[in-house]
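Report on the following structure.
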Protein chains: 2
Amino acid sequence: MPSVTATTRTRLTPAERREQLLGLGVRLLADRSLDELSIDLLAEEAGISRGLLYHYFGNKTAFHEAVVRHAADDLIAQTAPPAGGEPLDRLLVSVAAYVDYVTANFEGYVSLVRGAAGGNETLRGIYEEVREVLSERIFLEDAQGELVHDTPRNRLVVRGWAAMCEELVIAWRTDPGEVSRDELLGIITGALPALVDAVAPRR
Amino acid sequence: MPSVTATTRTRLTPAERREQLLGLGVRLLADRSLDELSIDLLAEEAGISRGLLYHYFGNKTAFHEAVVRHAADDLIAQTAPPAGGEPLDRLLVSVAAYVDYVTANFEGYVSLVRGAAGGNETLRGIYEEVREVLSERIFLEDAQGELVHDTPRNRLVVRGWAAMCEELVIAWRTDPGEVSRDELLGIITGALPALVDAVAPRR
DNA sequence: CATCTTATTGACACTTGTTCAATATCGCCA
DNA sequence: TGGCGATATTGAACAAGTGTCAATAAGATG
């Protein structure tokens with residue numbers, strides 16, 4: 001058993017190392033905020049020198065951006081609507097997948113969202129992009145407009161609805177109270193058509 | 001005209017200096033994010049030494065918290081419902097005041113919200129507190145429950161509605177499109193009863 | 001006008017981000 | 001199998017910003 005520092009540097013392929021560091025970055029976010037994720041901490045946790053992180057990511061913010069992008073891609077992939085079935089059912093499944101994803105990865109998800117929403121231009125861009133993708137599915141899956149016609153006004157409404165969903169899921173997961181998962185899903189999915197109707201320009 | 005440094009230190013009362021620094025802090029937030037607001041920058045801008053800031057606020061995060069609290073109190077005061085009139089009218093006026101406040105102080109408001117929502121425990125606490133106060137008014141002013149009965153479920157709904165409002169106002173102010181201020185107000189105020197109805201547990 | 005309180009300063013120690021020449025690991029080929 | 005070369009990796013040095021504190025001077029008070 002070596003004393004304190006067993007300095008046998010291990011050499012990975014760039015792809016492997018990148019993957020390791022990004023994965024570790026995402027994992028560490030469960031316990032810390034994005035800007036508490038210092039280069040020092042990550043280097044120590046990964047068992048590498050600080051310099052190596054700069055070799056791979058250039059600087060701290062670029063690393064943060066890479067981590068957020070990594071997690072964002074993961075979220076988007078995990079909540080993709082299923083291939084078959086009725087359009088509206090596919091949406092339901094996708095929304096449910098979103099709720100379950102947040103439930104399962106709560107700390108990391110919250111940390112990510114807060115870090116990205118409060119971060120620099122690029123970070124917010126990624127955050128916006130995720131919302132955009134999730135919202136876009138509404139119009140993409142519901143091509144006939146059974147639920148929501150694709151109008152500029154309704155785009156705004158869906159945007160607001162998405163913000164509401166994020167808040168609701170986080171609030172619910174923090175304290176479910178007496179509301180079950182299915183009831184939450186009911187609230188979320190019921191809210192969209194209600195909003196669309198309420199906001200429809202009167203003729 | 002003194003050369004570069006006219007070092008005549010001016011001595012203010014603690015209250016004056018505190019006020020000056022907080023006001024300057026809030027003002028500087030219009031052009032920078034919260035964590036780009038370094039002690040260095042603020043000291044230079046205020047024409048004082050860094051040490052003085054530490055004398056008044058202890059450390060950087062404490063200063064941030066004080067700035068955010070200052071701005072939050074301002075927002076709450078400026079959107080207070082009027083004294084007289086119908087309960088529902090008072091709410092309308094208050095919501096309108098909120099929209100106008102955000103419109104007038106846009107850069108600073110966005111910077112504040114992002115900084116606070118993405119910040120530490122205390123910062124988020126202040127952010128939550130503001131939302132809490134704004135939401136609380138709904139139930140306070142509408143004591144008879146004409147609009148929303150005070151139930152746990154509706155508290156959740158109002159919370160989601162508040163998040164939606166924030167998003168809508170920011171999105172609208174960023175790009176109003178063809179939506180007028182009054183239409184936006186219509187959307188916001190129309191959304192609340194619609195949500196409440198949609199979410200009501202069926203009997 | 002002298003004195004005393006205390007608002008204010010400036011220099012110093014320390015943490016954290018960033019750079020880069022030097023080092024050592026591992027695949028490859030003789 | 002053993003040396004060689006490409007390059008993944010390191011560590012020391014530097015920059016910038018945070019936090020500390022004994023020393024200083026502005027302005028009120030008598």
Side-chain angles (χ1 to χ4, degrees), chain A residues 2-25 28-29 31-68 115 118-123, chain B residues 2-25 28-29 31-68 115 119-120 122-123:
Chain A
S3 65
V4 179
T5 45
T7 25
T8 23
R9 60 165 79 166
T10 42
R11 182 188 174 120
L12 304 183
T13 69
E16 284 172 334
R17 185 110 278 167
R18 234 189 114 81
E19 194 63 25
Q20 177 212 358
L21 295 178
L22 286 178
L24 182 58
L28 287 180
L29 272 182
D31 300 325
R32 268 148 281 283
S33 78
L34 196 54
D35 57 56
E36 283 167 356
L37 187 62
S38 69
I39 300 289
D40 259 332
L41 175 70
L42 198 121
E44 180 168 4
E45 208 73 22
I48 60 168
S49 67
R50 283 200 308 274
L52 194 58
L53 246 126
Y54 285 91
H55 176 69
Y56 278 103
F57 298 99
N59 59 34
K60 191 191 173 186
T61 65
F63 175 66
H64 284 169
E65 288 163 13
V67 168
V68 171
N120 64 33
E121 193 87 11
T122 308
L123 239 28
Chain B
S3 66
V4 181
T5 46
T7 25
T8 24
R9 60 166 79 166
T10 43
R11 183 188 174 118
L12 303 183
T13 70
E16 285 172 334
R17 184 112 277 166
R18 234 187 115 83
E19 194 62 25
Q20 176 212 359
L21 295 177
L22 286 178
L24 181 60
L28 287 179
L29 272 182
D31 300 324
R32 276 142 280 283
S33 78
L34 196 55
D35 57 56
E36 283 166 356
L37 187 62
S38 70
I39 299 289
D40 259 333
L41 175 69
L42 197 121
E44 181 168 4
E45 208 73 24
I48 60 168
S49 68
R50 281 202 311 276
L52 195 57
L53 245 125
Y54 284 94
H55 175 69
Y56 277 104
F57 298 98
N59 60 36
K60 190 189 172 184
T61 64
F63 176 65
H64 284 171
E65 289 163 13
V67 168
V68 171
N120 64 33
T122 307
L123 240 28

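Below, chain A is the first sequence line, B the second, and so on; all start at residue 1.
Residues I39(B) and F57(B) are not in side-chain contact: their nearest non-hydrogen atoms beyond the backbone lie 4.5 Å or more apart. Between R17(A) and L52(A), some side-chain heavy-atom pair lies under the 4.5 Å cut-off. In this structure the side chain of T122(B) never reaches within 4.5 angstrom of the side chain of H64(B), judged on heavy atoms. Looking at I48(A) and L21(A), their side chains come closer than 4.5 Å, going by heavy atoms from C-beta outward.
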* For every nucleotide of nucleotides 13-24 of chain C, 5' to 3': is a protein heavy atom under 4.0 Å from its base (B), only from its sugar-phosphate (S), or from neither (-)? -> ----BBB---BB
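Side-chain atoms of N120(B) and E36(A) include no donor-acceptor pair closer than 3.5 Å.
For dA7(C), the OP1/OP2 oxygens have no side-chain nitrogen or oxygen of R17(B) closer than 4.0 Å. Between Y56(B) and the phosphate of dT8(C), there is a side-chain N or O to OP1/OP2 separation shorter than 4.0 Å.
By the side-chain contact (heavy atoms from CB on, under 4.5 Å) test, E16(B) is found to be paired with L12(B), T13(B), residues two or more places apart in sequence or in another chain being considered.
The interatomic distance linking F63(B) (CZ) with dG17(D) (P) rounds to 16 Å, in whole Å. Atoms CZ (F57(B)) and C1' (dT8(C)) sit 15 Å apart, rounded to a whole Å. Across the protein-nucleic acid pair, Q20(A) atom CD and dA8(D) atom C1' stand 13 Å apart, rounded to whole Å. The nearest whole Å value for the distance from the NE2 atom in H55(B) to the P atom in dA22(D) is 15 Å. Between the CG atom of L53(A) and the P atom of dA8(D) there is a distance of 15 Å, given to the nearest Å. Rounded to an integer number of Å, the gap from CZ of R18(A) to P of dT9(D) is 13 Å.
Smallest separation of non-hydrogen atoms from K60(B) and S38(B): CE-CA, 4.4 Å. Nearest heavy atoms, L24(A) versus L42(A): CD2-O, 4.0 Å. For the pair V67(A) and G25(A), the tightest heavy-atom approach, listed with the atom from each and the gap, is CG1-C, 4.1 Å.
Across all strands, T13(B) comes closer than 4.0 Å to no nucleic acid atom at all (heavy-atom distances).
Less than 4.0 Å separates DNA chain C from at least one heavy atom of each of the following residues of residues 41-49 of chain B: I48(B), S49(B).
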